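Quick notes on the structure that follows.
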2 protein chains.
Amino acid sequence: MNQESKFQYEKFLNHISLDCVVFGFHDNQLKVLLLRMKFTKEWALPGGFVKEDESLESAATRVLKERTCLDNIFLKQFKVFSDPQRSNTNPAVQDLIDSGANPDQSWFNQRFISVGYYALVDFSKAEPQPDYFSDLCEWKSLNEINTLILDHLQILNKALENLRMQLNYQPIGYNLLPDKFTMPELQKLYETILGKELDRRNFQRKMLSYNILIRLEERKTGGAHKAPFLYEFNLENYQKALQNGLYGGW
Amino acid sequence: MNQESKFQYEKFLNHISLDCVVFGFHDNQLKVLLLRMKFTKEWALPGGFVKEDESLESAATRVLKERTCLDNIFLKQFKVFSDPQRSNTNPAVQDLIDSGANPDQSWFNQRFISVGYYALVDFSKAEPQPDYFSDLCEWKSLNEINTLILDHLQILNKALENLRMQLNYQPIGYNLLPDKFTMPELQKLYETILGKELDRRNFQRKMLSYNILIRLEERKTGGAHKAPFLYEFNLENYQKALQNGLYGGW
DNA sequence: CTATCATTGTGTCAATTAAACACATTAATC
DNA sequence: GATTAATGTGTTTAATTGACACAATGATAG
């Protein structure tokens with residue numbers, strides 16, 4: 001276990017927290033990284049607080065490095081959750097207090113405005129680590145997730161909504177797939193995020209038209225049936241597409 | 001002057017502020033509502049703080065009602081600005097301190113994480129009101145705005161970027177135009193936001209295809225040349241389009 | 001080692017959408 | 001009443017999307 005040895009709430013800004021929806025892709029399924037709370041055994045999104053001298057982005061990066069052991073994670077701020085009632089009527093708060101991290105209870109009893117981030121990571125490279133308040137850190141498939149503490153399920157759904165939007169004007173995949181991947185794998189990723197099936201041939205045509213893929217001379221063998229080509233991203237064009245978007249619109 | 005008689009910083013959450021980029025449309029130009037600081041005479045975005053029992057949305061709504069005398073303003077949260085250095089190296093802070101609102105200076109010397117909102121309002125119905133720290137509240141055209149306090153120019157630019165994005169998947173205009181308007185006026189609004197010209201005939205065809213417009217039997221007379229039809233929005237379809245978006249994407 | 005099977009690679013055709021452009025109409029002005 | 005400059009309403013062509021067909025191939029079963 002690579003938990004923090006002490007929870008130093010003294011260093012953090014009051015009232016502000018952040019929650020991260022970490023997406024990964026494995027077994028043709030979209031996964032989300034969750035923590036199991038030590039006491040109530042409820043599941044939660046990884047989150048944290050903001051130190052006095054760091055930006056939200058730095059704080060999110062720090063938290064995600066602690067939870068996944070990864071650097072350079074794709075991070076996107078998508079919404080702030082500020083309902084005054086979002087955290088004060090939930091047993092999870094008691095759980096945090098029970099943790100003993102904050103003896104006088106003043107830290108967890110305050111109201112938090114939480115900034116939501118979603119992250120896209122390479123499933124195979126992440127090494128899930130629980131935090132001070134949890135005893136387990138695991139990937140869960142979307143359909144396995146029924147309840148989460150506080151408003152975390154709402155945060156997860158909003159993140160997914162935003163990820164689906166991103167799909168429509170920015171490339172996706174570099175952060176979620178291994179370096180080399182097949183067209184069917186990329187398509188499955190899209191289908192999983194969107195929750196619907198796409199036409200194989202039209203998908204390929206559209207995807208290739210973005211000019212962000214490089215087809216390798218290699219094929220992926222081992223599976224039954226015809227061996228598909230391997231692709232990798234053209235990083236230069238991928239970055240351009242991230243900046244400029246994929247569609248013109250007006 | 002309809003200023004607040006007292007600045008009650010005691011009631012607000014520490015470290016959290018909000019800034020609003022209020023867009024209006026007048027004389028075929030996109031306008032932004034700005035405040036002139038009492039002492040330094042620098043210009044700033046309208047902003048405020050969050051009371052202990054209100055959400056960010058409520059706080060933004062409250063602030064905008066104070067600045068424009070309008071209810072039911074279209075509001076959209078677009079980004080949080082959290083650079084630790086964003087406010088502590090700027091003369092504007094001294095200006096706020098000089099205001100005397102907070103004698104021990106503890107309030108304005110703290111670090112603020114600011115949530116950015118943009119608002120779309122009917123120019124002709126807003127009644128600009130300065131706040132406790134400003135002596136003037138005025139509409140400014142985008143090209144008139146060169147410098148703003150703190151990182152407000154950056155906030156403005158990000159808001160504009162987001163507004164341009166919104167144009168590509170949601171209808172716009174109901175909040176910015178009077179109840180009845182002409183097609184050329186609507187087109188000018190789009191052109192102003194996008195900063196580029198559009199083909200008159202293609203614009204009309206595309207806009208009508210959304211089914212959010214109702215053409216009235218009336219025409220707008222008074223201008224030289226042929227009188228254009230007046231339109232109004234079909235509110236039911238407009239709301240649907242806001243929810244579902246205008247384009248399919250994947 | 002050959003036939004079978006499921007999947008991949010490639011391509012076509014029709015329908016829809018977008019871009020570029022032309023001409024008739026009309027309200028104010030002189 | 002002619003002129004002017006903008007509006008109303010098209011058409012034509014190109015580009016994109018959606019639906020679908022068939023050949024190629026790697027593993028597997030017999």
Side-chain angles (χ1 to χ4, degrees), chain A residues 27-28 167-171 173 177-178 180-192 194-232 241 244-250, chain B residues 27-28 164 167-171 173 177-178 180-192 194 196-232 241 244-250:
Chain A
D27 279 346
N28 284 341
L167 219 53
N168 283 321
Y169 62 95
Q170 282 188 329
L177 293 172
K180 297 176 181 180
F181 53 90
T182 67
M183 191 62 76
E185 282 167 355
L186 183 59
Q187 183 180 339
K188 277 286 174 208
L189 171 60
Y190 270 71
E191 290 179 336
T192 310
L194 293 169
K196 68 177 176 189
E197 300 200 340
L198 302 171
D199 182 275
R200 185 172 63 87
R201 296 148 289 189
N202 294 336
F203 177 83
Q204 164 149 318
R205 176 158 34 104
K206 195 165 178 176
M207 194 54 66
L208 289 177
S209 74
Y210 297 154
N211 285 320
I212 57 173
L213 294 180
I214 300 170
R215 191 172 89 173
L216 306 174
E217 290 308 311
E218 237 172 312
R219 284 163 184 267
K220 172 157 188 169
T221 58
H225 319 305
K226 185 168 180 176
F229 282 108
L230 283 168
Y231 290 84
E232 62 184 18
N244 307 332
L246 295 172
Y247 291 92
W250 286 97
Chain B
D27 278 346
N28 282 342
R164 282 179 181 155
L167 218 52
N168 283 320
Y169 61 93
Q170 281 189 329
L177 294 172
K180 297 176 181 182
F181 53 90
T182 67
M183 192 62 76
E185 283 166 354
L186 183 59
Q187 184 180 340
K188 277 287 175 210
L189 172 60
Y190 270 71
E191 290 180 334
T192 310
L194 292 168
K196 68 178 178 190
E197 300 200 340
L198 301 170
D199 183 275
R200 184 172 64 87
R201 295 149 288 190
N202 292 337
F203 176 83
Q204 163 149 321
R205 177 153 31 90
K206 195 165 175 175
M207 194 55 68
L208 288 177
S209 75
Y210 296 154
N211 285 319
I212 57 173
L213 295 180
I214 299 170
R215 191 171 89 174
L216 306 174
E217 291 308 313
E218 236 171 314
R219 284 165 184 267
K220 173 158 187 166
T221 59
H225 318 304
K226 184 168 181 176
F229 281 107
L230 283 169
Y231 289 84
E232 61 184 17
N244 307 332
L246 295 172
Y247 291 92
W250 285 97

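Reckoned from all heavy atoms, side chains included, excluding hydrogens, waters and symmetry mates. Throughout, a chain's letter reflects where its sequence line sits, starting with A, and its residues are numbered from 1. Everything numeric in this text was worked out from a predicted model, so none of it was measured.
Using a 4.5 Å heavy-atom threshold, the side chains of B/M183 and B/L213 count as touching. Using a 4.5 Å heavy-atom cutoff, the side chains of B/M207 and B/Y190 are in contact.
Tested against B/N202 for a side chain to side chain donor-acceptor pair (under 3.5 Å), the candidates B/K206, B/R205, B/R200 yield a single pass: B/R205.
Ionic pairing of A/E185 and A/K188 is not present here: no N-O contact between side-chain nitrogen and carboxylate oxygen is shorter than 4.0 angstrom.
The CG atom of A/N28 sits 12 Å away from the P atom of C/dT7 (whole-angstrom rounding). Between B/K206 atom NZ and D/dG10 atom P the separation is 21 Å, expressed in whole Å. Atom CG of B/L208 is separated from atom P of C/dT17 by 15 Å (rounded to the nearest Å). Across the protein-nucleic acid pair, A/R205 atom CZ and C/dT12 atom P stand 12 Å apart, rounded to whole Å. Across the protein-nucleic acid pair, B/M207 atom CE and C/dA18 atom C1' stand 15 Å apart, rounded to whole Å. At whole-Å resolution of the value, CZ in B/R200 and C1' in D/dT11 are 15 Å apart. In this structure, the CG atom of A/L186 is 12 Å from the P atom of C/dG9, given to the nearest Å. Spacing between atom CZ of A/F203 and atom P of D/dT17 amounts to 13 Å, rounded to whole angstrom units.
Mapping A/N202 and B/R215 onto DNA chain D by nearest heavy atom places B/R215 at the nucleotide closer to the 5' end. DNA chain C is contacted by both A/A224 and A/D199; A/A224 maps to the nucleotide lying nearer its 5′ end (nearest heavy atom per residue).
In this structure, the nucleotide among D/dA6, D/dT9, C/dA6 sitting nearest to the side chain of B/H225 is D/dA6. Of all nucleotides listed (D/dC20, C/dG9, D/dG8), C/dG9 comes nearest to the side chain of A/Q204. The side chain of A/R201 lies closest to C/dG11, out of C/dG9, C/dA22, C/dG11. Listed nucleotides: D/dG26, C/dA27, C/dT10. Nearest to the side chain of A/R219: D/dG26. Here the nucleotide nearest the side chain of B/K226, chosen from C/dG9, C/dT26, C/dC21, is C/dT26.
For the pair A/Q187 (side chain) and A/L198 (backbone), a donor-acceptor distance under 3.5 Å is present.
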